[in-house]
Colleague: 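For reference, the structure I am asking about is given below.
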Amino acid sequence: MKIDFQQLTLLLQKLKTNPYKIYPILTPHTGRVLEIKVKEGEEVHGPAGKWLEKPGTPLFVLEREKNPKLIRANYSGQAKGIRTDLLNRFVEAGEKILEIRHPLTQEEVIAEILLSALYIIPAPETARYILNPELARRLEKEGPGKVKVKEGEELLIMTFMKRETPINLKEKGDFIVYQLYFRPFELVQSGAPLLGLCPVEDLPYLERIIQRVKDEWSL
C-alpha cells in the first residue's frame with residue numbers, strides 16, 4: 001500500500017479552491033415548522049465552551065403535538081438555502097430546512113487529508129472497541145506517529161454481546177499508527193474509522209504535506 005501523493009495534491013488544491021463544507025440541517029422528526037429564527041447569509045455558531053456548555057445558535061422551531069422543539073446549530077458558518085416556503089407547514093422527518101456553509105479550519109483540512117492519505121481500518125460492525133493492550137501501552141509511552149505495526153499484528157479488540165473478537169492488520173508491509181479515531185468502549189458505528197496507518201516509507205512525505213497545509217492554510 002502506497003500513498004498517492006498526486007491525489008493528495010489535487011485534493012489540497014480542491015480544498016483551497018472551495019474551502020467549505022456544507023452541512024444540511026434536517027428535521028429530527030415530523031411536525032410543523034412553527035418559526036425560522038435565522039435569515040439567509042446570517043452567521044451561526046455551533047456549541048462552544050470547554051464542555052460545549054454554550055448551546056448553538058437557534059435555527060428553527062418544530063412543533064409536534066403542541067410541543068415546540070428548538071433546533072440549534074451544531075456547526076458554525078453561514079445559513080444558506082433557508083426553506084421559508086415550509087414555514088407553518090407540516091413536514092416529515094429528514095426534511096431539509098437549511099444548510100450551514102462551514103469554512104474549513106486548518107485542523108479540518110488536515111483531517112480531510114489524513115482520511116484520504118492513510119490506510120484506514122474501519123469498524124466491521126456497530127460495536128465497542130479497545131486497543132490491543134500491548135499496542136495501547138506502546139502508544140501511551142511513545143504517542144501516535146511513532147509506533148510501528150506490521151502484517152498479522154493484533155491491533156484492536158471488538159467487544160459485542162459479551163464476545164471479544166480480535167482485529168488484525170491484513171495489509172502487507174510495515175506501518176506507523178498515525179491517527180486514532182475512537183475512544184475505548186465508546187459505541188462506534190459500522191464503517192466508521194478506527195485507526196489510520198501510514199506506510200513507514202511514506203511517513204516523511206506525509207509529514208511534509210501536513211507541514212505545507214500548516215504553512216499555507218490561512219483560514
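A quick note: this is a predicted structure, and the numbers were derived from the prediction, not measured.
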Colleague: Answer yes or no: is there a donor N or O on one side and an acceptor on the other, between the side chain of Q78 and the main chain of R101, under 3.5 Å?
Modeller: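 Here the side-chain-to-backbone pair does not exist.
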
Colleague: As a test of understanding, state which of E99, E95, K96 forms a side-chain contact (heavy atoms from CB on, under 4.5 Å) with R83.
Modeller: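 Exactly one pass, corresponding to E95.
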
Colleague: I want to check a possible cation-pi pair here: R128 against F185, using under 6.0 Å from ring centre and within 45° of the ring axis as the test.
Modeller: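 No.
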
Colleague: Considering residues, nucleotides and ligands other than E140, do more than 12 of their heavy atoms fall under 6.0 Å from its CD?
Modeller: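 For E140, atom CD is not crowded (no more than 12 foreign heavy atoms under 6.0 Å).
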
Colleague: Quick one: do the E92 and H29 side chains pair a donor with an acceptor below 3.5 Å?
Modeller: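 H29 and E92 do not have a side-chain donor-acceptor pair below 3.5 Å.
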
Colleague: Can a donor-acceptor pair be found, under 3.5 Å and without considering hydrogens, that links the side chain of H102 to the backbone of S76?
Modeller: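 Side chain of H102 to backbone of S76: a pair is present.
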
Colleague: Taking E40 for its side chain and G81 for its backbone only, find out whether a donor-acceptor pair lies under 3.5 Å.
Modeller: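 Yes; at least one donor-acceptor contact below 3.5 Å.
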
Colleague: Applying the side-chain contact (heavy atoms from CB on, under 4.5 Å) criterion to I82, which one of L87, L59, V38, I97 satisfies it?
Modeller: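 Of the listed residues L87, L59, V38, I97, the side-chain contact (heavy atoms from CB on, under 4.5 Å) partner of I82 is V38.
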
Colleague: Do L118 and L197 come within less than 4.5 Å of each other through their side chains, counting heavy atoms only?
Modeller: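 When only atoms from C-beta onward are counted, L197 and L118 do not touch, as no gap falls below 4.5 Å.
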
Colleague: Main chain of T105, side chain of E107: is a donor-acceptor contact present, judged purely on distance under 3.5 Å?
Modeller: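 No, E107 side chain to T105 backbone: no donor-acceptor pair under 3.5 Å.
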
Colleague: Can E63 and N67 be counted as having a side-chain donor-acceptor contact under 3.5 angstrom?
Modeller: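 Not at all, the side chains of E63 and N67 share no donor-acceptor pair under 3.5 Å.
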
Colleague: Y178 versus E207: any side-chain heavy-atom pair under 4.5 Å?
Modeller: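 Side-chain contact under 4.5 Å: yes.
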
Colleague: Flag the pair R138 and E153 as a salt bridge only when some basic side-chain nitrogen lies within less than 4.0 angstrom of an acidic carboxylate oxygen.
Modeller: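 Looking at E153 together with R138, the answer is yes, because their closest N to O distance falls below 4.0 Å.
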
Colleague: Give a yes or no on whether K80 atom NZ has more than 12 heavy-atom contacts from other residues, nucleotides or ligands under 6.0 Å away.
Modeller: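 Counting neighbours around NZ of K80, more than 12 heavy atoms of other residues, nucleotides or ligands fall under 6.0 Å, so yes.
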
Colleague: Kindly determine whether R64 and R32 satisfy side chain to side chain contact (heavy atoms under 4.5 Å, CB included), including the steps that lead there.
Modeller: CA-CA 7 Å; R64 181 169 67 173; R32 185 168 65 94; over 6 Å; no

Colleague: Mark yes when over 12 heavy atoms from residues, nucleotides or ligands other than Y205 sit less than 6.0 Å from its OH; otherwise mark no.
Modeller: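 No, the 6.0 Å shell around OH holds no more than 12 heavy atoms from other groups.
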
Colleague: List the steps and the verdict of side chain to side chain contact (heavy atoms under 4.5 Å, CB included) for V91 and V33.
Modeller: CA-CA 7 Å; V91 296; V33 181; 4.0 Å; yes

Colleague: Please work out whether the ring planes of Y23 and Y75 are parallel, tilted or perpendicular, with thresholds of 30° and 60°.
Modeller: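 Y23 and Y75: parallel rings.
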
Colleague: Could you give me the CA-CA distance, side-chain angles and deciding distance for E125 and F160, then say whether side chain to side chain contact (heavy atoms under 4.5 Å, CB included) is met?
Modeller: CA-CA 9 Å; E125 299 179 28; F160 183 70; 4.2 Å; yes

Colleague: For the pair T126 (side chain) and S190 (backbone), establish whether a donor and an acceptor sit closer than 3.5 Å, ignoring hydrogens and angles.
Modeller: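 Checking the backbone N and O of S190 against the side chain of T126, a donor-acceptor pair under 3.5 Å is found.
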
Colleague: Contact between I176 and D202 at the side-chain level, heavy atoms closer than 4.5 Å - yes or no?
Modeller: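 I176 does not reach D202 side chain to side chain.
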
Colleague: Measuring only between side-chain heavy atoms, which start at C-beta, is F60 closer than 4.5 Å to I25?
Modeller: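 F60 vs I25: side chains touch.
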
